[in-house]
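Naming convention: chains lettered A, B, ... in sequence-line order (proteins, then strands); numbering from 1 in each chain.
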Amino acid sequence: MALRFLNTMTRKKEEFDPIKKGFVKMYTCGPTVYDFAHIGNYRAYMFEDILRRYLKYKGYKVKQVMNITDVDDKIIRSVKGKDISASDYAQKFIDAFFEDIDTLNIERAEVYPTATGYVKEMVAMIEKLMEKGYGYRGEDGSIYYSISKFPDYGKLAHINVNELKTGARVKHDEYDKENLSDFALWKAWDENDGNVFWETSLGKGRPGWHIECSAMSTKHLGNHFDIHTGGVDNIFPHHENEIAQAEAATGEKFVNYWLHCEHLLVDGGKMAKSKGNFYTLRDIAERGYSPLAMRYFYVTSDYRKKIDFSFEALEASGKAVERLFEFLRRVRKMSGEDSTGRIDELVKSARDGFEDGMDDNLNAPRAMAEIFTFISEVNGIIDEGKLSKEDSKKIIDFMLDIDRVLGLKMESAFVEKELADEIKLLIEERDHVRKDRNYARSDEIRDMLKAKGIILMDSPRGTMWKIDEEYVSS
RNA sequence: GGCGACGUGGCCGAGUGGCUAAGGCAGCGGUCUGCAAAACCGUUUAUCACCAGUUCGAAUCUGGUCGUCGCCUCCA
């Protein structure tokens, strides 16, 4: 089956057909660095990670650009009256962002342009828009985009601008605009901006929020590129405005496929920085949860559906990851010659099932169900003693291959962990006393180690152990 | 008010017209074990929110009702 995506523009699933065969150019809306990103933000970046990983898995060469908004109202507000520059303030959260995406094993994009690094390009695009009659200057000196000049305005969000409800959130200073839905391309400096401004041919001020994405995406990916993504809340007005700006300025179609991921909810409601009901990745880590559990929680959901975050769900995800790792370790230990001869067939079936799911708009739940079915089948074969060393290698290769998409660091399941000598001695002692049927002492040792987070498992081939690392011992 | 998403067993969650409605979690029984753990085998709970319609046949299509949630210019 061919790869298909649900395109927000058409509201239909469409077969993916890149502009240039074998190459994908994608732009993904990144963070505004005014605070630590929360776990809802990371759902979007995780979706984009799975998208780029799967495209690569399918053999495409990917160029991903993710912007970093390092100048905006909130950043300016945060540094006002403080002895820190806007750029230093933003840098702290840029650093945190990169630490977090490493923690989650999110692959780096090819380019991370910052807004402040592309003021020149933004000014150029605004001038072009002015030349073509799409922009006008308000009484306050700011420059606005006149949506009435762009007949297609609203085509992404499927919104009729005339029917927009003008709520209480429209500020008084919007009198400068000809139309209430016009948006700022360039914000003239005022005293609230402090020392955050650029002296340009447009005057003293700073760029509006939307222009950075239009300018930076076309700069790095060309006027017309394949995929543009973001959270559903970006559909309107942000992405709508990007289209208006870019297509008006370049005269070309902007983007072929618009992909948007749904929100992560907490307690059944929307999570937002402004509501203060959010967890950062750091909060999760402090509670002792593995980042891989968090990743699994994200990865195995359907990006088009809301997910309700809870620590119960996260614990279940942690168990699932551990089970996956146990499976890998178990398979790897197989060293016999006896084989069912069915492994090639099972692997093919699992791979086909996985790809069928992912091809269908990245349906990860379906793809993962295939993997679980596969695991059950292999486990059954192991119990029959019919998994050969060669079979084992094929299975490991397959699992590591799909992990290029899942990013669960499966290879780390094989990292040999060293136990402290005193613990090794205890395990040896326990083996001895078990042979003597001294089960009181045997169980005492097992409980002792369990308290230290080391789980012992007896098998015909000797005692195995694992470190229960998903939870902090309490 | 405009636009949109969703409502499947105790929980999570696949399934867009047709065999006995995936998969996971939790529970229960069994194999294995000194007992566990892990694994495997078996297994309980679904009038697919409700009503009406289309159809030989609907969780799946159409209309309506109820409920939950989101966007409507900071928002992933």
Can you tell me, in whole Å, how much space there is between the P of C71(B) and that of C61(B)? 26 Å

Using atom NE2 of H263(A) as one end and atom C1' of C72(B) as the other, report the distance to the nearest whole Å. 14 Å

Looking at D360(A) and K13(A), is any side-chain nitrogen of the basic one under 4.0 Å from a carboxylate oxygen of the acidic one? yes

Any-strand Watson-Crick or G-U partner of G17(B), both distances under 3.5 Å: none

Just how far, in rounded Å, is P of A38(B) from CH2 of W465(A)? 17 Å

Does C71(B) have a Watson-Crick or wobble partner in any strand here, with both distances under 3.5 angstrom, and which is it? G2(B)

Walking RNA chain B from its 5' end, the first of M464(A) and H238(A) to be reached, judged by nearest nucleotide, is M464(A)

Is the phosphate of C40(B) approached by N379(A) (side-chain N or O, under 4.0 Å from OP1 or OP2)? yes

Go through A39(B), A76(B), G34(B) for me and flag the one nearest to the S442(A) side chain. G34(B)

Which nucleotide, if any, forms a Watson-Crick or G-U wobble pair with C11(B), using both distances under 3.5 Å? G24(B)

Just how far, in rounded Å, is P of A76(B) from CD of E242(A)? 13 Å

What string of B, S and - do you get for nucleotides 5-22 of chain B 5' to 3' if you count protein non-hydrogen atoms under 4.0 Å? B--------SS------B

By the Watson-Crick or G-U definition, both distances under 3.5 Å, C40(B) is matched with G30(B)

Whether the D49(A) and Y298(A) side chains hold a donor-acceptor pair (N or O, under 3.5 Å, no angle test) is what I'd like checked. no

Does the side chain of I343(A) come within less than 4.5 Å of I395(A)'s, by heavy atoms? yes

P-based separation of A52(B) from C11(B) [nearest Å]: 26 Å

Indicate whether the side chain of D391(A) and that of S388(A) have a donor and an acceptor atom separated by less than 3.5 Å. yes

Of D72(A) and R434(A), whose closest RNA chain B nucleotide lies nearer the 5' terminus? R434(A)

Under 5.5 Å between ring centres and under 30° between planes: does that hold for F372(A) against the base of G23(B)? no

Rounded to whole Å, the CD-P distance (E377(A) to G23(B)) equals 11 Å

Picking from A76(B), G34(B), A39(B), the nucleotide nearest the side-chain atoms of H38(A) would be A76(B)

So, is R330(A) near the phosphate of C40(B), with a side-chain N or O under 4.0 Å from OP1 or OP2? no

Side chain of D458(A) only, heavy atoms from C-beta on: which candidate in A38(B), A36(B), G24(B) is closest? A36(B)

No-H, no-angle donor-acceptor pair, R446(A) side chain to A36(B) base, under 3.5 Å: yes

What contact category does R430(A) fall into here, base, sugar-phosphate, or nothing, at under 4.0 angstrom with non-hydrogen atoms? base

R4(A) side chain reached by D359(A) side chain, heavy atoms, under 4.5 Å: no

Using the C1' atom on both, measure G13(B) against U8(B) and round to a whole Å. 9 Å

Between C25(B) and A49(B), how far apart are the two C1' atoms, rounded to whole Å? 24 Å

Is the closest side-chain donor-acceptor distance between T28(A) and R52(A) under 3.5 Å? no

Between D72(A) and Y34(A), do the side chains contain a donor N or O and an acceptor N or O under 3.5 Å apart? no

For nucleotides G42(B) and G57(B), find the distance between their P atoms and express it as a whole number of Å. 36 Å

Taking the P atom in each of C41(B) and A58(B), what is the distance between them to the nearest angstrom? 35 Å

Candidate pair K187(A) and D140(A), rule salt bridge (charged side-chain N to carboxylate O under 4.0 Å, His left out), full reasoning: CA-CA 9 Å; K187(A) 294 182 175 182; D140(A) 62 346; over 6 Å; no

Euclidean distance, atom CG of residue L104(A) to atom P of A76(B) [Å, nearest integer]: 16 Å

Given C40(B), A76(B), C71(B), identify the nucleotide with an atom nearest to the side chain of R43(A). A76(B)

Euclidean distance, atom CD of residue E384(A) to atom C1' of U31(B) [Å, nearest integer]: 14 Å

Under 4.0 Å, counting only non-hydrogen atoms across every strand here, what does G230(A) touch: a base, just sugar-phosphate, or nothing? sugar-phosphate

H239(A) NE2 to C71(B) P: how many Å, rounded? 15 Å

Which base, if any, makes a Watson-Crick or G-U wobble pair with A58(B), both distances under 3.5 Å? none

Please tell me which of the listed nucleotides, A39(B), C71(B), U73(B), lies nearest to the side chain of D233(A)? C71(B)

Counter-base of C35(B), judged by Watson-Crick or G-U geometry with both distances under 3.5 Å: none

With a 4.0 Å cut-off on heavy atoms, is I382(A) in touch with a base, just the backbone sugar-phosphate, or nothing at all? nothing

Ignoring hydrogens and geometry beyond distance, is a side-chain donor-acceptor pair present between E242(A) and H238(A) at under 3.5 Å? yes

Determine the Euclidean distance between corresponding P atoms of U62(B) and G10(B); express it in Å to zero decimal places. 28 Å

Counting side-chain heavy atoms from C-beta on, which of A39(B), C71(B), C35(B) comes nearest to R323(A)? A39(B)

Using the salt bridge (Lys or Arg N to Asp or Glu O under 4.0 Å) criterion, which residues pair with E384(A)? Sequence neighbours excluded. none

Have D283(A) and T280(A) got a donor and an acceptor in their side chains that come within less than 3.5 Å? yes

So for N234(A) and C71(B), does any side-chain atom that can act as donor or acceptor lie under 3.5 Å from a complementary atom in the base? no

When rounded to whole Å, the CD1 to P distance for the pair I235(A) and U73(B) reads 15 Å

If you only use heavy atoms from C-beta on, which nucleotide in C69(B), A76(B), G34(B) is closest to the side chain of N41(A)? A76(B)

What integer number of Å spans the C1' atoms of A22(B) and C48(B)? 14 Å

Who is the Watson-Crick or G-U wobble partner of U45(B), with both distances under 3.5 Å? none

